Amino acid sequence: MTPENSHDLRLPNRFLELYTPEKIHGDFVGKHIISVEQFESNDLKILFDATASIRKRLKQSDRGLLELCAGKIAVTLFYEASTRTDMSFQAAMRRLGGEIVAASNGVQFSSVYKGENLADTVRAAGCYADAIILRHPDVGSSYEAAYYLDKLREQIQRKPVIISGGDGVGEHPTQALLDMFTIFDFKKGFDDLTITLVGDLKNGRTVHSLSKLLARYGARDVTLCLVSPAKLKMPEKILAELKAANMRIVETEDLSEVIGSTDVIYWTRVQEERFADPAEYAAVKDSFIMLPSVLAQAKPDAILMHPLPRKNEMGTPADHDLLDADPRSVYFQQMENGMFVRMALLAKVLGGLWV
Ligand code: ASP
């Protein structure tokens, strides 16, 4: 049994209805981070100020950063593949003087292999750690983890937190935070921005979280263009939220209609692992390919983002090299921002000293 085939990837978890994540309201200490719905604009401002300060201090090799999570331990529980989220959380914790622990041979060789359920594995981690970084294939799994950790809190009189590193096709809140920081950093705000999300808007959790966060933060200022094949459109539930926030939305299958007026291009991978039928994946996988000739149609001051990893949606490795050399491509800076934002978040949530 592997964790992947022991879960129905499509079934939303009942804890999505049962558990309401606590709003941040300016105070991050001890809060689970499981949805962008917890954040208001003031929370983003606090987090982004902290992120900018951490970035500066890190570049100055300020050893004081090592105090911020000294004595704290985070556990990583990754039931799905990860490179950036896993490594950036590990690096973030260590750069703040904290420790990070993982099941020695990966979570699939922990008691998960013996059939232990998420509720119990998460509580085991909570017994040892102050923070648990969870990535799991089920939508709402982080809500389930938070629900059971709250029960554990009463028993152990300590407050371990869950931080979602992505739950199936649901949300990826910390990715959205780093994406927002990157946009803010390059564009110095959101006034009058046109942001275009391209690719698998149905299964991509990063675009779900980012668009929801944009609706909460910049709804009045941003025009959001959603470009996807008809079969990979943004889910209706999220579209309804965006419209309720009075966001200007343009939905199209034709990138050329919007690329020339776009300030932020957010390119995404077709999420192969979410397709039950390989033929369905094959039919859509090449719908949008970012190539130098496509980027040539963008504004000179546009930025090109991508949550990564990339496959054929950015052409061949030779195309990658050409795209990477274009100063508008900021996905490596975006990636580095992931560590800065996660450092700020860990320092805030774990209640480290703050200056
Ligand atoms: N790394 C991102 C995620 O975990 C994007 C992707 O996998 O396409 O959702």
Side-chain angles (χ1 to χ4, degrees), residues 3 6-7 11-40 43 46-47 69 71-80 85 89 92-93 96 98-103 107 110-112 115-168 170-177 205 208-209 212-213 216 342 344-352:
S6 67
H7 293 94
L11 254 191
N13 185 309
R14 72 191 164 95
F15 289 91
L16 275 176
E17 301 298 326
L18 203 67
Y19 189 84
T20 308
E22 209 178 341
K23 302 268 186 233
I24 304 294
H25 284 324
D27 179 10
F28 290 72
V29 179
K31 304 248 167 92
H32 304 300
I33 306 293
I34 58 179
S35 170
V36 292
E37 287 169 23
Q38 295 171 261
F39 290 82
E40 303 298 342
D43 305 319
I46 293 171
L47 187 71
C69 282
K72 304 285 183 189
I73 293 183
V75 160
T76 52
L77 285 182
F78 280 72
Y79 292 73
E80 277 192 332
T85 306
F89 266 115
M93 199 60 190
L96 295 171
E99 303 278 338
I100 192 124
V101 172
V107 75
S110 68
S111 286
V112 170
E116 185 171 60
N117 66 17
L118 179 66
D120 285 356
T121 305
V122 158
R123 278 180 290 191
C127 285
Y128 311 133
D130 304 293
I132 300 161
I133 321 299
L134 174 70
R135 170 169 290 187
H136 195 280
D138 284 354
V139 175
S141 47
S142 55
Y143 285 58
E144 178 176 356
Y147 175 88
Y148 283 105
L149 272 188
D150 284 356
K151 292 198 172 301
L152 181 75
R153 284 175 171 193
E154 290 161 23
Q155 290 170 313
I156 64 173
Q157 279 133 46
R158 229 171 18 84
K159 286 186 133 194
V161 296
I162 190 90
I163 301 181
S164 170
D167 59 343
E171 275 212 42
H172 195 345
T174 64
Q175 176 77 43
L177 294 170
R205 56 191 169 204
H208 297 167
S209 284
K212 283 164 66 155
L213 199 56
R216 305 183 78 75
R342 288 172 176 134
L345 194 65
L346 285 167
K348 291 266 168 213
V349 167
L350 294 178

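Side-chain atoms are counted along with the backbone in the values below, which use heavy atoms only and exclude waters and symmetry mates. Computed from a predicted structure; not experimentally measured. Note that the numbering runs from 1 along the sequence shown for the chain.
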Note to self: Quick one: does any side-chain atom of Gln38 pair with a main-chain N or O of Ile24 as donor and acceptor, under 3.5 Å?
What the structure shows: no
Notebook entry, point to check: Can you check whether Leu18 reaches Tyr147 side chain to side chain, under 4.5 Å on heavy atoms?
Noted result: yes
Notebook entry, point to check: Leu346 and Ala92: which non-hydrogen atoms are nearest, and at how many Å?
Noted result: CD1-CB, 3.9 Å
Margin query: If you apply the rule salt bridge (charged side-chain N to carboxylate O under 4.0 Å, His left out), what do you find for Arg216 with Glu37, and how did you get there?
Written below: CA-CA 8 Å; Arg216 305 183 78 75; Glu37 287 169 23; 5.6 Å; no
Margin query: Donor-acceptor pair, distance only, cut-off 3.5 Å: does the side chain of His32 make one with the backbone of Ile162?
Written below: yes
Margin query: With heavy-atom distances below 4.5 Å as the criterion, would you say the side chains of Val122 and Ile132 are in contact?
Written below: yes
Margin query: Working to the nearest 0.5 angstrom, can you tell me the gap between Phe15 CZ and Ile34 CD1?
Written below: 11.5 Å
Next item on the list: To the nearest 0.5 angstrom, please state how far the OH atom of Tyr143 sits from the CG atom of Leu16.
Entry: 6.0 Å
Next item on the list: Verify, without hydrogens or angle tests, whether Ser209 (side chain) and Ala176 (backbone) share a donor-acceptor contact under 3.5 angstrom.
Entry: no
Item checked: 4.5 Å side-chain heavy-atom contact, Pro173 and Ser35 -> no
Note to self: Between the side chains of Lys72 and Glu99, is the shortest nitrogen-to-carboxylate-oxygen separation below 4.0 Å, so that they form an ion pair?
What the structure shows: no
Notebook entry, point to check: Distance-only, no hydrogens or angles: does the Arg205 side chain make a donor-acceptor pair with backbone N or O of Val139 under 3.5 Å?
Noted result: no
Checklist line | Gap separating the CG atom of Leu213 from the CD atom of Gln175, nearest 0.5 angstrom | finding: 11.5 Å
Note to self: For Lys23, is the NZ atom crowded, meaning more than 12 foreign heavy atoms sit under 6.0 Å from it?
What the structure shows: yes
Checklist line | Approximate separation, where rounding is to 0.5 Å, of Asn13 CG and Asp167 CG | finding: 8.5 Å
Margin query: Please check: side-chain N/O of Asp138 versus main-chain N/O of Ser141, any donor-acceptor pairing under 3.5 Å?
Written below: no
Note to self: For the backbone of Leu47 and the side chain of Lys348, can you confirm whether one donor and one acceptor N or O come within less than 3.5 Å of each other?
What the structure shows: no
Next item on the list: Determine whether Ile163 and Leu134 make a side-chain contact, defined as any pair of heavy atoms from C-beta on separated by less than 4.5 Å.
Entry: no
Notebook entry, point to check: Is Arg135 paired with Glu171 through a side-chain N to carboxylate O contact shorter than 4.0 Å?
Noted result: no
Notebook entry, point to check: Tell me, do Asp120 and Tyr148 make a side-chain contact under 4.5 Å, heavy atoms counted?
Noted result: no
Next item on the list: Could you grab the distance from atom CZ of Phe89 to atom OG1 of Thr76, nearest 0.5 Å is fine?
Entry: 10.5 Å
Margin query: Quick one: does any side-chain atom of Arg158 pair with a main-chain N or O of Arg153 as donor and acceptor, under 3.5 Å?
Written below: no
Notebook entry, point to check: Backbone N or O of Leu118 within a donor-acceptor pair of the Arg123 side chain at under 3.5 Å?
Noted result: no
Margin query: Working to the nearest 0.5 angstrom, can you tell me the gap between Leu345 CG and Leu96 CG?
Written below: 10.5 Å
Check: If we only count heavy atoms from C-beta on, is the Asp130 to Lys159 side-chain gap below 4.5 Å?
Finding: no
Check: Are Tyr19 and Asp150 linked by a side-chain donor-acceptor pair shorter than 3.5 Å?
Finding: yes
Checklist line | N/O donor-acceptor pair under 3.5 Å between Asp43 side chain and Glu40 backbone | finding: yes
Next item on the list: Please step through side chain to side chain contact (heavy atoms under 4.5 Å, CB included) for the pair Met93 and Cys69, ending with a clear verdict.
Entry: CA-CA 7 Å; Met93 199 60 190; Cys69 282; 4.2 Å; yes
Notebook entry, point to check: Among Ile133, Val107, Val112, which residue meets the side chain to side chain contact (heavy atoms under 4.5 Å, CB included) test with Leu77?
Noted result: Val107
Notebook entry, point to check: Under the 3.5 angstrom rule, does the side chain of His208 hit a backbone N or O of Gly170 as a donor-acceptor pair?
Noted result: yes
Note to self: Can you confirm whether Val349 sits close enough to Ile33 that some side-chain heavy atom of one is under 4.5 Å from a side-chain heavy atom of the other?
What the structure shows: yes
Next item on the list: May I ask you to test the Cys127-Leu152 pair for a side-chain heavy-atom distance under 4.5 Å?
Entry: yes
